[in-house]
Every structure is written in structure tokens, then in C-alpha cells.
There are 2 protein chains.
Amino acid sequence: MEVTNKKSLSEMAYDKIKEMILHLEIKPGERIPEERITEIVKCSRTPVREALRKLNEEGLVVSYPGRYSEVAKYSKEDIKKIGELRLAQDLLACQLAIRHGSNSELSVLKKISEKCRISAEKGNIFERIYYDSMFHLEITKIGKNQLLLENQTKLYMRIHLIQISKYTNIEDSITQISKHKDIIDALYSRDDKKARSLVCHHLKDFYDIDEEIINMYLD
Amino acid sequence: MEVTNKKSLSEMAYDKIKEMILHLEIKPGERIPEERITEIVKCSRTPVREALRKLNEEGLVVSYPGRYSEVAKYSKEDIKKIGELRLAQDLLACQLAIRHGSNSELSVLKKISEKCRISAEKGNIFERIYYDSMFHLEITKIGKNQLLLENQTKLYMRIHLIQISKYTNIEDSITQISKHKDIIDALYSRDDKKARSLVCHHLKDFYDIDEEIINMYLD
DNA sequence: CTTGACAATATTGTATACATTTCTTCTATA
DNA sequence: TATAGAAGAAATGTATACAATATTGTCAAG
């Protein structure tokens with residue numbers, strides 16, 4: 001089977017808007033008139049509309065039908081709820097990776113984690129967030145549940161937006177990333193309880209997840 | 001704030017296609033040419049395309065860009081993976097409902113469960129599946145995590161399609177539904193371990209979920 | 001200074017036309 | 001009979017026009 005590289009204008013518009021949002025070139029709360037994108041991508045409104053609808057489904061854009069679309073802006077409450085979902089999905093991903101992942105598949109995680117660390121040290125915040133998402137999504141990929149991967153991909157788009165909107169200093173970044181290594185070790189040794197515990201504590205504080213929710217996965 | 005009832009043609013096309021799929025008027029694997037829907041909804045292709053893209057995002061339709069769209073058709077493997085995700089999300093939903101739901105909110109579950117039972121006894125399979133989804137989605141609603149509710153709503157669209165595609169006899173239906181009552185009791189008594197155990201066993205067989213995944217939530 | 005009404009402007013929703021690509025059918029050839 | 005290829009039909013991707021709706025700006029009245 002051949003894979004065609006040719007992208008439709010819809011896809012190009014989608015990629016461009018997504019990139020602009022994730023690089024804060026359009027800020028949360030800012031409106032996105034269709035016309036504005038047609039000027040950038042140099043296409044008509046039809047593909048732009050399609051792209052905006054997709055980004056709306058994925059949660060990066062909020063559309064008010066017949067009125068306007070704007071970049072999503074998450075409240076503290078929203079972030080907590082995203083965290084609850086992320087925790088549930090990340091834990092399932094770990095369990096599946098332990099069950100279905102070979103050591104050679106797991107070894108990819110080391111490389112991604114290393115890239116993440118280097119980006120953090122360089123102070124490149126966008127790159128660091130990008131590789132951090134990639135790290136977690138790779139775990140999901142190894143678990144081989146395509147639907148979970150799709151959900152995680154969408155969820156991590158929101159997480160990306162949250163992370164670039166929050167100020168994070170380099171020390172915190174590096175502390176966080178150092179935990180990646182522990183997770184990798186737990187996966188290699190197929191220690192699911194350890195992996196779960198690590199993931200729970202990795203997320204608990206950032207998302208302010210309730211103790212009771214955490215306990216649900218640890219008892 | 002006023003709520004406008006006026007639906008756009010896109011929404012009407014979306015509703016119609018969704019209804020047709022969930023009532024097996026278009027069968028899994030069957031192609032959906034845009035033209036066909038324009039004749040039914042009596043609108044141009046523009047709103048129909050929008051509706052199809054949305055259904056594609058939600059998993060009821062599979063689109064091959066530049067080629068065609070068809071009704072999704074799930075393999076045994078797909079169903080297992082849907083089950084894994086459903087379990088994770090249903091369990092989170094229960095935990096949140098226990099934590100954030102009042103008794104009066106929980107009482108709604110009884111009414112829905114009763115409607116579900118009546119539909120099953122009448123032998124109305126579409127109605128039974130509809131109320132069964134509604135029952136589980138109501139638990140999520142009570143948990144008050146809007147993002148989880150959106151994800152669950154989409155997931156239950158797939159589940160609806162799976163359930164109507166599988167033959168289910170009335171006895172099995174009624175046995176399944178009788179378990180709703182136990183779940184309601186566990187939620188009322190705020191017994192999260194009990195609720196989790198019930199949900200796990202409610203889903204395990206239907207989706208053929210691995211023992212290890214189940215144990216992850218029960219230990 | 002604030003408020004409300006109205007005009008002007010901007011933006012979205014939808015229909016339609018057409019180019020491009022894919023799918024189907026039919027025929028010529030081996 | 002099987003197969004490759006071409007012609008025709010069908011379906012999608014995109015641009016554009018216009019109607020309907022929402023937003024913004026202006027100005028007079030309180």
C-alpha cells in the first residue's frame with residue numbers, strides 16, 4: 001500500500017491553526033475568524049471551516065455556532081478534570097504497555113525521554129512539552145489500543161495548551177522529567193503496581209487530583 | 001440566557017445520519033455518498049460534509065479522504081479495546097458520582113433503569129439500548145466532569161452500534177439490567193469498592209477484558 | 001456619563017459550480 | 001477465460017456568491 005503525502009487544503013489549514021495555537025501565536029480566548037486563516041493558508045473558507053470544526057471536536061477551539069470560534073481557555077476546574085481523565089488513561093496505557101510491549105519497544109522511551117531532558121536543559125519550552133507528550137503517547141502506542149491512542153492524542157493536545165500557558169521553571173521541568181526514568185524501569189520489570197504508583201504521583205500535584213481518586217488506583 | 005431551538009442544516013444532517021446508523025438503516029460497512037444524504041435532508045452537500053466529518057471524529061463513520069465514507073464496522077479486537085476504555089471511564093465516572101452526587105441526583109438512575117427494564121420486556125431492542133446508554137451516561141453526568149461526559153457520550157455511540165449489531169436475547173438483557181440495581185445501591189451507600197467490583201464484572205464478559213486489566217482496579 | 005436604538009460592518013451558513021480524483025464498465029488483446 | 005487499459009460515470013475537494021445573522025460603532029436621549 002502506498003502512502004500519499006499530498007495534503008488537502010483542509011489538512012494544511014488544520015495543521016497551521018493547530019501549530020499557531022500550540023505556539024501561542026493565537027492566545028487562549030482569542031477569536032479566530034475564518035477569513036484570517038484563509039489569508040495565511042491562501043485557500044477559501046471551505047477548508048478552513050473544516051479545520052476549525054475538527055479542532056473544536058478535539059478541544060483546542062471552542063465554536064459558538066453562527067457566531068465565532070476562539071482558542072480554548074481552560075479554568076482551574078477544567079484542568080483538574082483533564083487531569084482526572086489523563087490519570088485514568090495513562091494508567092490503562094501503562095498496564096497495556098506492560099502486557100503487550102517488548103523490551104525493544106520499551107527502549108524507544110529512553111530515547112524520547114533523553115530528548116525531552118535535553119530540550120529542558122536548553123530551555124526550549126515548546127520542544128520540552130512536545131517530547132513530554134511524545135513520551136507518554138509512546139507508552140500508549142506500545143500498549144496497542146488504537147482507540148486509546150486516539151483519545152490520548154486529543155487529550156495531550158489540551159495538555160500541551162495547558163502546559164505552555166503555565167509558567168514552568170527549568171528546575172521543576174528537570175525534576176519532572178527525571179521521573180520518566182523510574183516509569184521506564186517499572187515498565188521494563190513489568191511491575192504494574194510500581195508503574196501505577198509512579199504515574200499517580202507524577203500527576204497528582206500538577207492537576208490537584210483528589211486523594212480518593214488516587215487511592216482508587218493504588219489500594 | 002436564551003436557548004435557541006433553531007437547528008442548522010449541518011446539525012439536522014448530523015442527527016439524521018446518526019439516527020440512520022444507530023437504527024441500522026445504513027449498515028456497518030455500507031458507503032455513505034454525500035449525495036444520498038442531500039436527498040434525504042434536502043440541503044446541499046456543504047452541511048452534509050460537515051456532519052460526516054463530525055461522525056467520523058466520533059467513530060461512527062470511517063472516512064477515506066478523497067474517496068468515500070462508510071459506516072464503521074468493529075472487529076472483535078476493536079470491541080475488546082472499546083471495552084478496555086469503557087471500563088476505565090465507567091469506573092472513574094462511578095468514583096466521581098459517589099463523591100459529587102447527591103441522593104436526589106442518584107435517584108434519577110432508578111427511573112432510567114426502570115425504563116430500560118420495561119423496554120427490554122417489551123422486546124424493544126433499540127429503546128433498551130438507548131436507556132442502557134442513558135443509565136451509564138447519567139452516572140457520568142452526576143460525577144460532574146464535563147470532559148469525561150463528552151468522551152463517554154462519544155464512546156457510547158460506538159457501544160450502541162456494537163450492541164445493535166450483536167444479537168441479544170431478552171433473558172440476557174434482563175439479567176444485565178438487573179445488575180443496574182446493585183450498582184445504584186453501591187452508589188447510594190458510597191461504597192466505591194463495591195461499585196467498582198460490580199462494574200468490572202458487568203463488563204468483563206461482554207468485552208472479553210483480560211483478568212489483569214480487571215485486577216488493576218480491584219486489588 | 002450611561003443607555004438604548006439604529007445603521008454600518010463583519011462573519012457565518014449554505015448553495016452551487018467546476019476541477020480533480022476515484023470508481024466502474026467495456027473492449028481489445030493475449 | 002483472464003487481464004490491461006481506456007472511456008465514461010460518479011464522488012469528492014475547493015472556490016465563490018449571496019443570504020442571514022451577529023457584532024460594532026454612532027449618536028441622541030435621559
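Here is the naming used below: chain letters follow the sequence lines, and residue numbers restart at 1 for every chain. For clarity, every value in this text was computed on a predicted model and none was experimentally measured.
Applying the ring pair (Phe, Tyr, Trp, His ring centres under 6.0 Å) criterion to B:Tyr156, with sequence neighbours excluded, gives B:His136. Remark: A:Lys110 engages no residue in a side-chain hydrogen bond (donor to acceptor under 3.5 Å, both in side chains) (not counting sequence neighbours). Taking the side-chain hydrogen bond (donor to acceptor under 3.5 Å, both in side chains) definition, one finds that A:Ser113 meets it with nothing, sequence neighbours left out. With sequence neighbours excluded, the residues satisfying side-chain contact (heavy atoms from CB on, under 4.5 Å) with B:Glu84 are A:Leu92, A:Leu96, A:Asn145, B:Lys80, B:Lys81. When the side-chain hydrogen bond (donor to acceptor under 3.5 Å, both in side chains) test is applied to A:Glu35, no partner is found at least two apart in sequence or on another chain. Scored by the ring pair (Phe, Tyr, Trp, His ring centres under 6.0 Å) test, B:Phe206 finds no partners at all (sequence neighbours excluded).
A donor-acceptor contact shorter than 3.5 Å is absent between the side chain of A:Lys179 and the backbone of A:Ile177. A distance-only check finds no donor-acceptor pair linking the side chain of A:Asp132 to the backbone of A:Ile129 [under 3.5 Å].
Residue pairs that meet the side chain to side chain donor-acceptor pair (under 3.5 Å) test with at least one member in residues 16-31 of chain A, sequence neighbours left out, are A:Glu30-A:Arg36. For residues 148-162 of chain A, the pairs satisfying salt bridge (Lys or Arg N to Asp or Glu O under 4.0 Å) are A:Lys154-B:Glu57, with sequence neighbours left out. Applying the salt bridge (Lys or Arg N to Asp or Glu O under 4.0 Å) test to every pair with at least one member in residues 88-97 of chain B, sequence neighbours left out, gives these pairs: B:Arg86-B:Asp90.
Residue A:Glu11 contributes atom CD, which lies 16 Å from atom P of D:dT12 at whole-angstrom precision. We find that NZ of B:Lys7 is positioned 13 Å from P of C:dT14, with the value rounded to whole Å. Protein atom CD1 of B:Ile32 is 10 Å distant from nucleotide atom P of D:dT12, rounded to whole Å. Computed from coordinates, the B:Arg31 CZ to D:dA11 C1' distance equals 10 Å when rounded to whole Å.
Of all the residues in residues 59-73 of chain B, B:Gly66, B:Arg67, B:Tyr68 reach under 4.0 Å from DNA chain C with at least one non-hydrogen atom. Within residues 45-56 of chain A, the residues that have a heavy atom under 4.0 Å from DNA chain C are, in order of number, A:Arg45, A:Arg49, A:Arg53. Taking every heavy atom of residues 34-44 of chain B and every atom of DNA chain D, pairs under 4.0 Å involve B:Glu34, by number.
Of the candidates D:dG13, C:dA15, C:dG13, the closest approach to any side-chain atom of B:Ser8 belongs to C:dG13.
Close to D:dA20, at under 4.0 Å from its OP1 or OP2, lies no side-chain N or O of B:Lys6.
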